[in-house]
Amino acid sequence: MKLPKAYEPSSYEPQIYALWETSGAFASTGQGEPYSIVMPPPNANGNLHVGHAYMIPIEDILIRYHRMQGRDTIWIPGADHAGFETWVVFEKALEKEGKSRFDFSREQLYKMTWNFVEQNRGSMELQLRALGASCDWSRLVFTLDKKVVNIVYDTFKKLWDDKLIYRGERLVNYCTKHQTSFADIEVEYREEKTPLYYMKYGPFELATTRPETKFGDTAVAVHPGDKRYEKYVSQTVTVEGVNGPFEVQVVADEMVDPNFGTGVVKITPAHSFDDWEVAQRHNLPMKVVIDREGRMTEATGRFAGMTVMDARKAVVKALEEKDLLVKVDKGYKTRIGHCYKCDTVIEPLPMKQWFLSVKPLAVRAKQAIEQGDIKFIPTQKGKELARYFDELKDWNISRQIPWGIPIPAFQNENDPDDWIFDTQVDQEKITVDGKKYKRDDDTFDTWFSSGQWPFITTDYLQSGDLSRFYPNSVMETGTDLLRPWVARMIMLGLYCTDKIPFDDVFFHGLILDERGQKMSKSKGNVINPMEVIGEFGSDALRIGIVMNRSAGQAQAFSTASVIAGRNFCNKLWNIARFIENVAGEEGQSVKTLLEVNPQTPTEHWVLQRLDQARIRLDDHIANYRFAEAVETIYHFIWDDVADWFVEASKAAAGHGKLSARPEFLNHVLGLCLRLAHPFAPFVTEAIWTITHEDDSLLISQPWPDPQPFDKEKAAEFDQIRGLVSEIRYVVTELPASKKYDLIYRDDTLIADQTDLIKSLANLGSITKVDQVRGLRVATAGREAWLDLSAELVYDHQIKLERRLADTRAEITKLEQRLSNKNYTAKAPASLVEESRTQLEEKKELETRLVTELNVISTK
RNA sequence: GGGUUGUUAGCUCAGUUGGCUAGAGCAUCUCGUUUACACCGAGAGGGCCGGGGGUUCGAGUCCCUCACAACCCACCA
């Protein structure tokens, strides 16, 4: 088949992907050393974003590369039920229909959400295909699949039996709109202006931003060293309040800043995280005054039923009326937590939750990190994580949304403290040993189940056929998931399997918009990867996003780089077109890929370059330097293959000479496609399948072996390149209307490669002469002259003079360096030797330049 | 307040354990329609490597310090 003139990604990519998928190329082979990646599961019913457009190519590069290396490779895709995110979307859809979650039972809600997800599912899977993800779709795991739930229950049971699960009342970040608690990391804090009210408070005066919580006060705290209030500590004082007098204890606690406000703090254990801590330390009672709807409770008397904000106004007014308000600082600023979805102010509320005692798990995880059992890229992330394990608090694993894995626990109807583990979560009530139990309606925190992802997806605990892929070779994820996810995978992985879940962790940074701003819907600066693919192609996006980017750094998206990627694909395409044409003219077919040994210097040279590129790619990929790897393949293909090798092959192509042997061109093309395939899978595969008449696929080809080339021969071509570059440099400055001639004497390389040099340097002729004239091609160090008129030579004089000055400056520098005894004594011998050689070369060049200038001036 | 990262060409970024004249892409300038490619070719220009100090024969790279930016954690009653 013939290659069409231009590469149109959109007309090849879908078919190419379908070819791969139907051929079974994505499946593990069962042969060789296992190499595995488990994909961080994208939201099942969402769309991919640019973050995925970075994550997927990286993982795909690793997978394709190792697959070609002959490893037994698997990339397991996943789909996330995305507990909270999906829930919000679903609830909005419900609201549109004029319904609410309160109209349905939990079972109904779960089923409805399931159907909702099913309906909206599929787009992210299509988008993964558009990105070229060579993952094994037959292994796709959904985070609510039965097997996931079963393992999560086993883990919960194991933790339960190990007494690491407990029911505790804790202050939680509670969103009164979503009726759910949040992990600390899910709360968005913002600095805001909020009035600071100074009020009379028994014998004290104190400041608070939340006067409405006054009814929940059970103490006041002062700093232990604060002389002003020393005498009150441990006393009970009577406070006149808006609802009449009440009593509180006075405690001394370090958390109080004696310099802030009046140095006195009212303690409301039920509605403030700090106060909660103080209450724990001093055994203080707790009084709840705000309910889950965000309204004041009966305990607040006449304020009951008011919203928090209304109550605040009403209480302030009441304080004023009772002359208890001293002053108001209206300019006070503080950080207030908001629900990251609906922006409602987060209320700290005490609630019964399931907790996991993380200490024993964290200690083990930290130890593993400190022993270096896991390789982190970038390295600092490991240290960050080790510190995090020190300060990790017990993990609240309950969530109050129906869309998730139900917690398999039941409560005795007659004894609230009697909880049993049971997996019959489809039953609202069960009877065990004659006692009636009621199901807990909470679901697990998403991270509790996804924290087990590496061994769930590989069926490790079930010794399934994928268990050889655990631990995973590498976990590739975003820096933002270091704590919520990676930390948990390590803890739970060690706890459940006694193994670290992955050998390496690679963190990719956030992708910012073109101006370095964080992307957000509200800013309207979100880049849709599918649009980029539509415009430039999938390979272009992959290359553009991987190049100019390093691990763990938040960096801007760059359309220019995507364009570079597109151009690269086009370059590859056209190299293939050229080779196809030559092969066609010569009657050669590309059907078979035979090993073809190099003959000419050009051929030796290109194999040398190819080998060097291969070695560098191996090294870059082994060290997760993807941007450098892309740069390596880009420049090898463009500079070495297109600009030198292909150009050089033209010199002989028209002469029926063998230096442009079509079979060798084909051979090189095949090697290039293989090297480039992990980075630009679509275009390389398109070229492969079009130029090969058999039904082989590039995706399944082996990575190139070391190449047979002769260094000496390759060096000859380097000599030619030097000469050609020099000629081009000189000729560029000359009038462009005509071709120039080269003359030489006693130069076998030039004699042997006349056609090549003539073609590459675009010369009129190359002739051997006895008497030279014109301008010597000075820097290349060959016996060659450009046959120029005296005027042209004279015009070039200035350039030569400048070059001479530069050369002399370099000589001075080198001489200074070498005359420094400290340098010659302390620097490595090889380096000093290098400097010496360099000096020699520069001096030779100087001599040639001087001679040439003398010749010019005497003319 | 604590921590992390960053500050290199007009823009976006590389620069691996300190070592040759600090690189790339895009952009800019000059020349060029040589039948693979104008999504091209040949060539060029452009950098007090954020400021200051130090260690070293040698610093973009290590140390100190300052400035600015981003992010994370904690705290702010």
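Throughout, a chain's letter reflects where its sequence line sits, starting with A, and its residues are numbered from 1.
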Colleague: State which residues pass salt bridge (charged side-chain N to carboxylate O under 4.0 Å, His left out) with A:Arg817; sequence neighbours excluded, sorted by chain then number.
Modeller: none
Colleague: For a side chain to side chain contact (heavy atoms under 4.5 Å, CB included) check, start with the C-alpha distance between A:Thr208 and A:Met199, then their side-chain angles and the critical distance, and finish with the verdict.
Modeller: CA-CA 8 Å; A:Thr208 181; A:Met199 62 171 89; 3.3 Å; yes
Colleague: For residues A:Glu514 and A:Thr559, is any side-chain donor paired with an opposing acceptor at under 3.5 Å?
Modeller: yes
Colleague: Between B:C66 and B:U28, how far apart are the two P atoms, rounded to whole Å?
Modeller: 43 Å
Colleague: Can you measure A:Ile637 atom CD1 to B:A24 atom P for me and round it to whole angstrom units?
Modeller: 18 Å
Colleague: Let me spell it out: for each of A:Glu514 and A:Trp644, pick the nucleotide of RNA chain B with the closest heavy atom. Which residue's pick is nearer the 5' end?
Modeller: A:Glu514
Colleague: Measure the shortest side-chain to side-chain distance between A:Asp741 and A:Leu786 over non-hydrogen atoms and say whether it is less than 4.5 angstrom.
Modeller: no
Colleague: Tell me every residue that passes salt bridge (charged side-chain N to carboxylate O under 4.0 Å, His left out) with A:Asp640, counting only those two or more places apart in sequence or in another chain.
Modeller: A:Arg609
Colleague: Quick check on side-chain contact (heavy atoms from CB on, under 4.5 Å): which of A:Thr632, A:Val630, A:Asp619 does A:Arg625 satisfy it with?
Modeller: A:Asp619
Colleague: Could you give the CZ-to-P distance, from A:Phe568 to B:C37, as a whole number of Å?
Modeller: 18 Å
Colleague: Below 3.5 Å between N/O atoms, which protein atoms pair up with nucleotides 45-50 of chain B? Just atom names and distances, please.
Modeller:
none

Colleague: Rounded to the Å, how far apart are A:Asp390 CG and B:A74 P?
Modeller: 15 Å
Colleague: Which of these nucleotides, B:C40, B:G25, B:A77, is closest to any side-chain atom of A:Met547?
Modeller: B:G25
Colleague: Let me know the distance between CG of A:Asp275 and C1' of B:C75, rounded to the nearest Å.
Modeller: 13 Å
Colleague: Charged N to carboxylate O below 4.0 Å: is that the case for A:Arg210 and A:Glu347?
Modeller: yes
Colleague: Do the side-chain N or O atoms of A:Asn567 get closer than 4.0 angstrom to the phosphate oxygens (OP1, OP2) of B:C40?
Modeller: yes
Colleague: Using the rule salt bridge (charged side-chain N to carboxylate O under 4.0 Å, His left out), only one of A:Arg808, A:Lys843, A:Arg836 pairs with A:Glu815; which is it?
Modeller: A:Lys843
Colleague: Going by heavy atoms in the side chains, are A:Phe507 and A:Leu482 under 4.5 Å from each other?
Modeller: yes
Colleague: Do the side-chain N or O atoms of A:Lys571 get closer than 4.0 angstrom to the phosphate oxygens (OP1, OP2) of B:G41?
Modeller: yes
Colleague: Roughly how many Å apart are B:G50 and B:G10, using the P atom of each and rounding to a whole number?
Modeller: 13 Å
Colleague: Step by step, work out the salt bridge (Lys or Arg N to Asp or Glu O under 4.0 Å) result for A:Lys200 and A:Glu205.
Modeller: CA-CA 5 Å; A:Lys200 287 178 190 161; A:Glu205 186 184 309; over 6 Å; no
Colleague: Just compare B:G19, B:C13, B:C40 and give me whichever is closest to any side-chain atom of A:Ala556.
Modeller: B:C13
Colleague: Find the runs of at least 3 consecutive base pairs, i with j, i+1 with j-1 and so on, that include RNA chain B, using Watson-Crick or G-U wobble geometry with both distances under 3.5 Å.
Modeller: B:1-7 with B:67-73, B:10-13 with B:23-26, B:28-32 with B:40-44, B:50-54 with B:62-66
Colleague: Where the side chain of A:Arg577 is concerned, which of B:A36, B:U12, B:G19 is the nearest nucleotide?
Modeller: B:A36
Colleague: Taking only residues two or more places apart in sequence, or in another chain, which ones meet A:Lys266 in a salt bridge (charged side-chain N to carboxylate O under 4.0 Å, His left out)?
Modeller: A:Asp217
Colleague: According to the interplanar angle, ranging from 0 to 90°, do the rings of A:Tyr12 and A:Tyr7 count as parallel (below 30°), tilted (30 to 60°) or perpendicular (above 60°)?
Modeller: parallel
Colleague: What's the closest nucleotide to the side chain of A:Lys650 if the choices are B:A77, B:C39, B:A36?
Modeller: B:A36
Colleague: Looking only at the side chain of A:Pro828 (C-beta and beyond, no hydrogens), which of the listed nucleotides B:G19, B:C26, B:G15 gets closest?
Modeller: B:G19
Colleague: Quick one: which of B:C13, B:A36, B:A77 gets closest to the side chain of A:Glu647?
Modeller: B:A36
Colleague: Pick base, sugar-phosphate or nothing for A:Asp643, based on heavy-atom distances below 4.0 Å to the nucleic acid.
Modeller: sugar-phosphate
Colleague: Using the test salt bridge (charged side-chain N to carboxylate O under 4.0 Å, His left out), find all partners of A:Lys571 that sit at least two apart in sequence or belong to another chain.
Modeller: none
Colleague: Could you check how far CZ of A:Arg625 sits from C1' of B:A14, rounded to whole Å?
Modeller: 11 Å
Colleague: Should A:Ser561 be listed as having a side-chain N or O under 4.0 Å from OP1 or OP2 of B:G25?
Modeller: no
Colleague: Which residues pass the ring-ring contact (aromatic ring centres under 6.0 Å, His included) test with A:Tyr229, not counting sequence neighbours?
Modeller: A:Phe204
Colleague: Tabulated below should be each protein N or O lying under 3.5 Å from an N or O of nucleotides 21-23 of chain B; please produce it.
Modeller:
unit_1	atom_1	unit_2	atom_2	d
B:U21	OP1	A:Arg817	NH2	3.4
B:U21	O4	A:Lys842	NZ	2.6

Colleague: Tell me the interatomic distance from A:Phe389, atom CZ, to B:C73, atom C1', rounded to whole angstroms.
Modeller: 16 Å
Colleague: Taking only the C1' atom of each, what is the distance from B:C39 to B:A44 in whole angstrom?
Modeller: 22 Å
Colleague: Please list, one pair per line, the donor and acceptor atoms closer than 3.5 Å that link side chains of residues 378-387 of chain A to other protein atoms, with sequence neighbours excluded.
Modeller:
unit_1	atom_1	unit_2	atom_2	d
A:Lys381	NZ	A:Glu384	OE1	3.4

Colleague: Taking atom C1' in both B:U12 and B:U34, compute the distance separating them and give it to the nearest angstrom.
Modeller: 35 Å
Colleague: Is there a residue in residues 215-222 of chain A whose heavy atoms reach under 4.0 Å of RNA chain B, and which residues are they?
Modeller: none
Colleague: Using heavy-atom distances to pick each residue's nearest nucleotide on RNA chain B, tell me which of A:Phe557 and A:Val724 is more 5'.
Modeller: A:Phe557
Colleague: In terms of side-chain heavy atoms of A:Ser725, which of B:G19, B:A77, B:G43 is nearest?
Modeller: B:G43
Colleague: State, with a plain yes or no, whether a side-chain heavy atom of A:Val220 is found less than 4.5 Å away from one of A:Val265.
Modeller: no
Colleague: Please give the distance between the P atoms of B:G1 and B:U56 as a whole number of Å.
Modeller: 35 Å
Colleague: For A:Asn623 and B:U17, what is the distance between atoms CG and P respectively, to the nearest whole Å?
Modeller: 11 Å
Colleague: For A:Ser550, report the nucleic acid contact type (base, sugar-phosphate, nothing); a contact means any heavy atom under 4.0 Å.
Modeller: sugar-phosphate
Colleague: Kindly point out which of B:C37, B:U34, B:C13 is positioned nearest to the side chain of A:Asn762?
Modeller: B:U34
Colleague: Between the protein and nucleotides 1-8 of chain B, list the N/O to N/O atom pairs that are separated by less than 3.5 angstrom.
Modeller:
unit_1	atom_1	unit_2	atom_2	d
B:U5	O3'	A:Gln553	NE2	3.2
B:U5	O2'	A:Gln553	OE1	2.8
B:U5	O2'	A:Gln553	NE2	3.2

Colleague: Of the candidate nucleotides B:G43, B:G19, B:C37, which contains the atom at the shortest distance from the side chain of A:Asn570?
Modeller: B:C37
Colleague: Using the ring-ring contact (aromatic ring centres under 6.0 Å, His included) criterion, which residues pair with A:Phe506? Sequence neighbours excluded.
Modeller: A:Tyr624, A:Phe626
Colleague: Out of B:G43, B:U12, B:A77, which nucleotide sits closest to the side chain of A:Arg728?
Modeller: B:G43
